[in-house]
Colleague: 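I have a structure I would like to understand better, so I am pasting it below and will then ask my questions one at a time.
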Number of protein chains: 2
Amino acid sequence: MPRAGLTPAVLAEEAARIADEEGFDRLSLAAVAKRVGVAVPSLYKHVRGVEGLRREVAVRCAREFGERLGRAAMGRSHDDALRAVATAYREYARTHPGRYAALQRAPSPQDEEASAAFYVGVEAMVSVMRGFGLPDSDAIDAIRALRSALHGFVELEARGGFGLPQSTEHSYRILVEALIRALRDWPRSAPEAGG
Amino acid sequence: MPRAGLTPAVLAEEAARIADEEGFDRLSLAAVAKRVGVAVPSLYKHVRGVEGLRREVAVRCAREFGERLGRAAMGRSHDDALRAVATAYREYARTHPGRYAALQRAPSPQDEEASAAFYVGVEAMVSVMRGFGLPDSDAIDAIRALRSALHGFVELEARGGFGLPQSTEHSYRILVEALIRALRDWPRSAPEAGG
DNA sequence: CGCTGAAGCTAATGGGATTAGCTTTAAAGC
DNA sequence: GCTTTAAAGCTAATCCCATTAGCTTCAGCG
């Protein structure tokens, strides 16, 4: 039994591949062990059980995803930046459905590494939104709306939630254009009492 | 062993309760069997394994959810109808997180009963959208946008995806208002080749 | 009052996760 | 170069869940 050169990173990478190929719900220690040619309990030397493996995948993919969004926004602003980010967002979810699914478990606030990783993507959207010049309190709502729209669309699309044969490609473009228009005439916050 | 009076409906109801209380991912035949006071294999007389149970839950909840949306829209139109449906949508997802999660697996098109059940909710949104008088091809995009926005928001909210302490209640209201404005000035479809 | 089918049961199998504790390897130190 | 040692691997055992097979009992009907 020669050393297999495993690290949390190697396992997470293999796990991400499994998630993309077979679905995030089919990700298991058994599947990873088989792929890397090792007995299941050996994995415990590198990750803290399935839960630890899932977290590892989530953290790495969050960074990967966030970087892509950031790169898409780079050198663009306003509408163009938003369109590019939206495209990159959907592209990632479509080409990496398992990884995208892995991102859907929010990290505990205590887990600073994971929280930071997840924030990379949010930050990209925050920075795009800054270009629209909304006051801070409105910007929070706008970012939430943006995230909701993009996430909702790609998830419904991935799950086969859009039954009709009409192009989802097209619908997504329209969604993004509608968003851009909405941001130009963003609803004013009613003065609010509290948190 | 007196008869327990089980039916698929009884099991699905209990399963829905478990899903809401402990999370849809913790739903198991073992949990249901314990709750209804029966041995696990006995459940097979009523449902086709876990997968069958999940489907049963999904079908019932899809109807329940759809009816609530429909009732919310009833007697209202345009903006008011959309606001009411949006409120009912989020309310359901918040009070029944497990049931809402159960709805996220689209039924196979062959499964007509399930497809019909799922369409009840979509139909409510379709009918609301009709009030906005969009041409049919645009309406499809608009409905997809509406569904994306609502689903995305409630899911991100449920998963703790909105980190900041600012009121999600408020953000949701703004999202809905933005949506209403977007529908008044809906992006024209570029002429499209296909698909 | 017995028949029969459905509804329950137990037993057995298989898969995944996890823990405990043993063995081997690779690398650091002498 | 040899020894030591900690990490990396292994096997064995346990637990939980799902599923199948096949037996038993109950309820209703002739």
Side-chain angles (χ1 to χ4, degrees), chain A residues 1-60 98-99 101-102 104-105 107-108 111 114, chain B residues 1-60 98-99 101-102 104-105 107-108 111 114:
Chain A
M1 50 206 106
R3 297 299 165 92
L6 300 183
T7 64
V10 169
L11 295 183
E13 190 50 47
E14 195 58 52
R17 243 172 267 143
I18 292 170
D20 280 341
E21 292 169 19
E22 310 188 23
F24 184 67
D25 50 317
R26 303 257 184 124
L27 175 59
S28 64
L29 291 180
V32 174
K34 181 180 288 185
R35 289 249 205 147
V36 300
V38 119
V40 175
S42 306
L43 300 179
Y44 283 78
K45 297 282 155 131
H46 307 284
V47 295
R48 293 194 182 176
V50 227
E51 207 38 62
L53 178 67
R54 293 198 191 113
R55 176 198 169 275
E56 209 67 38
V57 174
V59 168
R60 294 174 55 80
R99 288 159 145 96
Q104 301 316 318
R105 358 187 98 234
S108 98
D111 186 344
Chain B
M1 51 204 107
R3 298 298 163 92
L6 300 183
T7 65
V10 168
L11 296 183
E13 188 50 46
E14 196 60 50
R17 243 172 265 143
I18 292 170
D20 280 341
E21 291 168 20
E22 309 186 25
F24 184 67
D25 50 318
R26 304 259 184 123
L27 175 58
S28 65
L29 291 180
V32 173
K34 181 181 285 185
R35 290 250 206 148
V36 301
V38 120
V40 174
S42 305
L43 300 179
Y44 284 77
K45 297 283 156 140
H46 307 284
V47 294
R48 293 194 182 176
V50 227
E51 208 37 63
L53 178 67
R54 292 199 192 112
R55 177 199 169 273
E56 209 66 39
V57 174
V59 168
R60 293 175 56 80
R99 288 161 145 94
Q104 302 316 316
R105 358 187 97 234
S108 98
D111 186 345

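All values below come from the heavy atoms of this structure, side chains included, with hydrogens, waters and symmetry mates left out. Note that the structure is predicted; figures quoted are calculated from it, not measured. Just so we're on the same page: letters track the sequence lines, and every chain starts at 1.
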Colleague: When you measure from the side chain of A:Pro41, which nucleotide among C:dA20, D:dT20, D:dG9 comes out closest?
Modeller: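 When the side chain of A:Pro41 is considered, C:dA20 is the closest of C:dA20, D:dT20, D:dG9.
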Colleague: Report the distance from atom NZ of B:Lys34 to atom P of D:dA18, rounded to the nearest whole Å.
Modeller: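 Whole-Å distance recorded here is 12 Å.
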Colleague: Among the nucleotides D:dT19, C:dC9, C:dA17, which one has an atom lying closest to any side-chain atom of B:Ala39?
Modeller: C:dC9
Colleague: With DNA chain C as reference, determine whether A:Val40 or A:Lys45 sits nearer its 5' end, using the nearest nucleotide of each.
Modeller: A:Val40
Colleague: Rounded to the nearest Å, what distance is computed from the CZ atom of residue B:Arg26 to the C1' atom of nucleotide D:dC16?
Modeller: 13 Å
Colleague: If I take atom CZ from residue A:Arg55 and atom CZ from residue A:Arg105, how far apart are they, to the nearest 0.5 angstrom?
Modeller: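 One gets 13.0 Å once the value is rounded to the nearest 0.5 Å.
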Colleague: Once you apply a heavy-atom cut-off of 4.0 Å, does B:Ser28 come out as touching a base, just sugar-phosphate, or nothing?
Modeller: sugar-phosphate
Colleague: Could you tell me the separation between the CG atom of B:Leu6 and the P atom of D:dA27, rounded to a whole number of Å?
Modeller: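 From B:Leu6 CG to D:dA27 P: 14 Å.
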Colleague: Looking only at the side chain of A:Val50 (C-beta and beyond, no hydrogens), which of the listed nucleotides D:dT19, C:dC9, C:dA17 gets closest?
Modeller: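 Side chain of A:Val50 sits closest to C:dA17.
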Colleague: Just checking B:Gly52: base, sugar-phosphate only, or nothing, at a heavy-atom cut-off of under 4.0 Å?
Modeller: nothing
Colleague: With A:His46, which of A:Val36, A:Val38, A:Leu11, A:Leu53 fulfils side chain to side chain contact (heavy atoms under 4.5 Å, CB included)?
Modeller: A:Leu11
Colleague: Would you check if A:Arg35 and A:Ile18 make a side-chain contact, meaning some heavy-atom pair closer than 4.5 Å?
Modeller: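 In contact.
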Colleague: C:dA17 C1' sits how many Å from A:Leu11 CG, rounded?
Modeller: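 Going from A:Leu11 (CG) to C:dA17 (C1'), I get 16 Å.
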Colleague: Please pick, from D:dG9, C:dG8, C:dG16, the nucleotide with the shortest atom-to-atom distance to any side-chain atom of A:Ala30.
Modeller: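 Among the listed nucleotides, the one closest to the side chain of A:Ala30 is C:dG16.
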Colleague: Mind listing the closest non-hydrogen atom pair of A:Val10 and A:Leu6 along with its distance?
Modeller: CG1-CD2, 4.2 Å
Colleague: Quick one: A:Leu29 CG to C:dA17 C1', roughly how many Å, whole number?
Modeller: 7 Å
Colleague: Look at the side chain of B:Ser42 and decide which nucleotide, out of C:dG8, D:dT19, D:dT11, has an atom nearest to it.
Modeller: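 For B:Ser42, the side-chain atoms sit closest to C:dG8.
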Colleague: Which nucleotide in the list D:dG9, C:dT18, C:dG8 gets nearest to the side chain of B:His46?
Modeller: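 Looking only at side-chain atoms, B:His46 lies closest to C:dG8.
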